[in-house]
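The structure under discussion appears below in the form of structure tokens.
So that the names make sense, note that chain A is the first sequence line, chain B the second, and so on, each numbered from 1.
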Number of protein chains: 2
Amino acid sequence: MEEKDTCEFICVHEDAVKDVKSKMLEDEFFFEVSDNFKAFGESTRLKIMYALSQRDLCVCDLAAVLDMSQSAISHQLRVLRGKNLVKFRRKGKMVYYYLADEHVVSMIEFGVEHTKEKL
Amino acid sequence: MEEKDTCEFICVHEDAVKDVKSKMLEDEFFFEVSDNFKAFGESTRLKIMYALSQRDLCVCDLAAVLDMSQSAISHQLRVLRGKNLVKFRRKGKMVYYYLADEHVVSMIEFGVEHTKEKL
DNA sequence: CTTCCATATGAATAGTTGATCATATAATAT
DNA sequence: ATATTATATGATCAACTATTCATATGGAAG
């Protein structure tokens with residue numbers, strides 16, 4: 001038998017709550033989805049990905065395009081790599097980054113379109 | 001004539017940078033897009049919106065569904081209201097929240113689908 | 001009006017995170 | 001080897017944020 005030690009929830013509509021609760025997804029899954037959104041939810045990372053959607057770029061070029069330090073860019077690229085949103089290939093001393101798959105492109109487009117429509 | 005006081009950017013590929021730079025959007029716009037993504041980039045807010053995509057719910061029901069405090073939910077609802085992602089209507093003492101428009105639903109679906117495919 | 005209940009909100013706090021600085025690594029050239 | 005250049009990364013710091021706690025607001029009922 002369940003017992004809430006939080007003494008609230010007097011007003012709960014049991015049927016509605018039960019209904020929605022049954023339709024909720026795994027907590028773990030929500031976490032993954034939001035974690036994915038989070039990658040796009042920071043303007044520096046979004047700009048990096050947008051730039052890469054135009055063409056593959058090395059770190060230095062990205063820094064120039066965004067007018068930011070190489071270090072800052074590298075750190076964000078690391079985050080994006082960790083989420084499998086970008087990949088890279090070496091070419092001599094340089095490292096060229098590119099978007100990991102079409103999902104990234106369509107996610108950006110989706111966000112851009114929806115934001116435009118909201119204006 | 002431009003002069004960077006940051007003494008780096010030796011490796012920049014001018015043509016590539018110029019090309020991509022010309023294709024970049026307004027800084028302000030990138031900020032808005034990422035700000036929108038950010039709303040979905042936090043699991044509590046995402047869960048709230050997902051729950052509301054199933055049916056309109058009052059604050060107390062949301063708290064019950066997510067098993068979180070009423071205060072925490074209210075604070076996040078405030079954030080969502082601020083970004084015009086949810087709206088509400090009063091019914092007596094209670095306040096029913098619902099998603100502001102179809103954009104919210106499709107954004108959630110989009111994120112969910114893309115995350116599924118990545119597994 | 002007063003009480004009760006649903007919700008909102010300000011303040012405080014802990015955890016997260018993005019940028020910088022300094023430094024390390026890795027590849028190329030000399 | 002050593003020097004140079006491109007990138008990566010650890011540490012630090014400041015800014016931001018999600019939750020909690022305490023309290024306020026606002027509607028309904030007595």
Side-chain angles (χ1 to χ4, degrees), chain A residues 5-13 16-17 30-31 34-35 37-49 52 56-83 86-98, chain B residues 5-13 16-17 30-31 34-35 37-49 52 56-83 86-98:
Chain A
D5 22 348
T6 52
C7 57
E8 40 188 357
F9 300 150
I10 311 170
C11 61
V12 166
H13 303 86
V17 171
F30 276 124
F31 190 79
S34 64
D35 208 53
F37 276 127
K38 195 174 297 181
F40 297 82
E42 203 277 325
S43 60
T44 298
R45 282 193 297 269
L46 183 65
K47 283 188 221 170
I48 289 177
M49 291 187 280
L52 294 180
D56 303 359
L57 291 165
C58 69
V59 179
C60 224
D61 289 351
L62 273 170
V65 169
L66 300 206
D67 194 28
M68 289 182 65
S69 75
Q70 171 266 318
S71 181
I73 301 291
S74 269
H75 276 295
Q76 293 298 357
L77 284 171
R78 185 177 152 81
V79 173
L80 295 174
R81 256 158 37 213
K83 304 197 190 228
V86 302
K87 295 183 177 177
F88 64 95
R89 60 172 177 278
R90 301 202 75 106
K91 187 176 180 185
K93 278 177 280 191
M94 291 178 298
V95 178
Y96 278 85
Y97 279 84
Y98 56 98
Chain B
D5 23 349
T6 53
C7 57
E8 40 188 357
F9 298 152
I10 311 170
C11 62
V12 166
H13 303 86
V17 171
F30 276 123
F31 191 79
S34 64
D35 208 54
F37 276 127
K38 196 174 294 181
F40 297 82
E42 204 277 325
S43 58
T44 297
R45 283 193 296 269
L46 183 65
K47 284 187 220 171
I48 288 177
M49 290 187 280
L52 294 180
D56 303 0
L57 290 166
C58 69
V59 179
C60 222
D61 288 351
L62 273 170
V65 169
L66 301 206
D67 195 25
M68 290 182 64
S69 75
Q70 172 265 318
S71 181
I73 300 291
S74 269
H75 277 294
Q76 293 298 357
L77 284 171
R78 185 177 152 82
V79 173
L80 295 174
R81 255 159 37 213
K83 304 195 189 233
V86 301
K87 296 184 176 176
F88 64 94
R89 62 171 176 278
R90 302 201 74 105
K91 188 177 180 185
K93 278 177 281 192
M94 291 178 300
V95 177
Y96 277 84
Y97 278 85
Y98 56 98

Side chain of Val59(A) - closest among dA8(C), dA8(D), dG18(C):
dA8(D)
Result for 5'-nearest mapping on DNA chain C, choosing between Arg45(A) and Gly92(A), is Arg45(A)
Identify the two heavy atoms, one from Ala16(B) and one from Asp61(A), that lie closest to each other, and give their separation to 0.1 Å.
CB-OD2, 4.2 Å
Rounded distance in Å - CD1 (Ile73(A)) to C1' (dA19(C))
11 Å
So Leu62(B) and Leu77(B), do their side chains get closer than 4.5 Å, heavy atoms only?
yes
How close or far is atom P of dA8(D) from atom CG of Leu77(A), stated in whole angstroms?
7 Å
Can you find a pair of side-chain heavy atoms, one from Cys60(A) and one from Met94(A), that are under 4.5 Å apart?
no
Does the side chain of Tyr97(B) get closer than 4.0 angstrom to OP1 or OP2 of dA6(C) through an N or O atom?
no
Using whole Å, what does the distance between atom P of nucleotide dA18(D) and atom CZ of Phe40(B) come to?
14 Å
From NZ of Lys93(B) over to C1' of dC4(C), roughly how many Å is that when rounded to an integer?
6 Å
Closest to side chain of Cys60(A), choosing from dT7(D), dT19(D), dC5(C):
dT7(D)
In this structure, how many angstroms lie between the P atom of dA27(C) and the CZ atom of Arg89(A), rounded?
17 Å
Side chain to side chain donor-acceptor pair (under 3.5 Å) between Arg89(A) and Tyr98(A), intermediate numbers included:
CA-CA 8 Å; Arg89(A) 60 172 177 278; Tyr98(A) 56 98; 5.3 Å; no
Backbone N or O of Tyr96(B) within a donor-acceptor pair of the Asp56(B) side chain at under 3.5 Å?
no
Separation of dT16(C) C1' from Glu42(A) CD (nearest whole Å)
13 Å
Rounded interatomic separation in angstrom, taking CG from Leu80(A) and P from dA8(D)
12 Å
OP1 or OP2 of dA6(C) versus the side-chain N and O atoms of Arg90(B): is any pair under 4.0 Å?
no
Could you tell me if the side chain of Gln76(A) sits less than 4.5 Å from the side chain of Met68(A), heavy atoms only?
no
Can you give the dot-bracket line for DNA chain C, where a pair is Watson-Crick or G-U wobble with both atom distances under 3.5 Å, crossing pairs use [ ], and | marks a partner on another strand?
||||||||||||||||||||||||||||||
Rounded off to whole Å, could you give me the CZ-to-C1' distance for the Phe88(B) and dA8(C) pair?
10 Å
Main-chain N/O of Lys38(A) paired to Arg45(A) side chain as donor or acceptor, under 3.5 Å
yes
Report yes if a side-chain nitrogen or oxygen of Ser69(A) is closer than 4.0 Å to either non-bridging phosphate oxygen (OP1 or OP2) of dT20(C); otherwise report no.
yes
Sorted by chain and number, sequence neighbours left out, salt bridge (charged side-chain N to carboxylate O under 4.0 Å, His left out) with Lys83(A) holds for Asp35(A)
Residues Val12(A) and Val17(A): closest non-hydrogen pair is CG1-CG2, 3.5 Å
Review item, nucleotides 9-13 of chain D N/O atoms under 3.5 Å of protein N/O:
residue, atom, partner, partner atom, Å
dT9(D), OP2, Arg78(A), NH1, 3.3
dT9(D), OP2, Arg81(A), NH2, 3.1
dT9(D), O4, Ser71(A), OG, 2.8
dG10(D), O6, His75(A), NE2, 2.8

